[in-house]
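For clarity, every value in this text was computed on a predicted model and none was experimentally measured.
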Amino acid sequence: MEARDAVNRSTAVALRLALGSFKRRTREAAAQGELTTPELSVLAQIDRAAPVAIADLARAQQITPQSMGATVASLENHGLVARAPDPEDRRRSLLTVTAEGGDVLHSSRDAISDRMAAALGESFTDAEVAVLAAAAPLLERLSQRF
């Protein structure tokens, strides 16, 4: 089992470094005046999980509900998310993405995705693209488990 532990550790380090670099490059790709990376992340999470409560978002992002509340308030101020009372518990609010929020989310995704697609086309072989395509769901699963 020690050999597997060593492989797991070295893989974890390599992924952390590569994904950190990837995240920085993605952040740099965003134009000034756009949403911050955390705001885009939360907007995307609301889009996937809606309707969703702030406490549930905070748990998923592993931050305090107060911190998540500040991010959600910013998204609300931009008109990108809407609150509605939870029909099962009127003390809670549920969040959904507005039409404008959906437009912002998709245009941001499209611009970054277009840049990535261009880089893949210019610098990667078909086999390498296939490896990355196969790895994407595994990376998503890994992000949900640690």
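You'll find the side chain of L132 stays beyond 4.5 Å of the side chain of E128, heavy atoms only. Side-chain contact between L15 and L142: present, with at least one pair of heavy atoms (C-beta onward) separated by less than 4.5 Å. You'll find the side chain of Q45 reaches within 4.5 Å of the side chain of R48, heavy atoms only. Taking 4.5 Å as the limit, every side-chain heavy atom of R9 sits out of range of all side-chain heavy atoms of D5.
In terms of the side chain to side chain contact (heavy atoms under 4.5 Å, CB included) criterion, residue partners of D89 (sequence neighbours excluded) are, by chain and number, D86, R91, R92.
When all heavy atoms are compared, the tightest approach of F146 to Q62 is O-NE2, 3.5 Å. Annotation for I46 and L95: closest pair CG2-O, 3.9 Å, computed over non-hydrogen atoms. Across every non-hydrogen atom of V72 and L57, the tightest pair is CG2-CD1, 4.2 Å. Nearest heavy-atom pair, G101 versus L43, reported as atom, atom and distance to 0.1 Å: O-CD2, 3.6 Å. In this structure, A49 and V52 approach most closely via the heavy-atom pair O-CB, 3.8 Å. Contact detail for L94 and A53: the closest heavy-atom pair is CD2-N, 3.8 Å.
With S21 contributing its side chain and L17 its backbone, the two residues share no donor-acceptor pair below 3.5 Å. Of the possible donor and acceptor atoms, none in the side chain of S123 sits under 3.5 Å from a partner among the backbone N and O of L120.
Residue D126 qualifies as open at atom CG: its count of foreign heavy atoms under 6.0 Å is 12 or below.
For the atom pair CD of E76 and OG of S93, the computed distance is 8.0 Å after rounding to the nearest 0.5 Å. L75 CG to E100 CD: the interatomic distance, rounded to the nearest 0.5 Å, is 11.0 Å. Interatomic distance, L80 CG to L105 CG, rounded to the nearest 0.5 Å: 9.5 Å. Here OG1 of T11 is found 13.0 Å from CZ of R16. Values are rounded to the nearest 0.5 Å. The CG atom of D47 sits 5.0 Å away from atom NE2 of H106, with the distance rounded to the nearest 0.5 Å.
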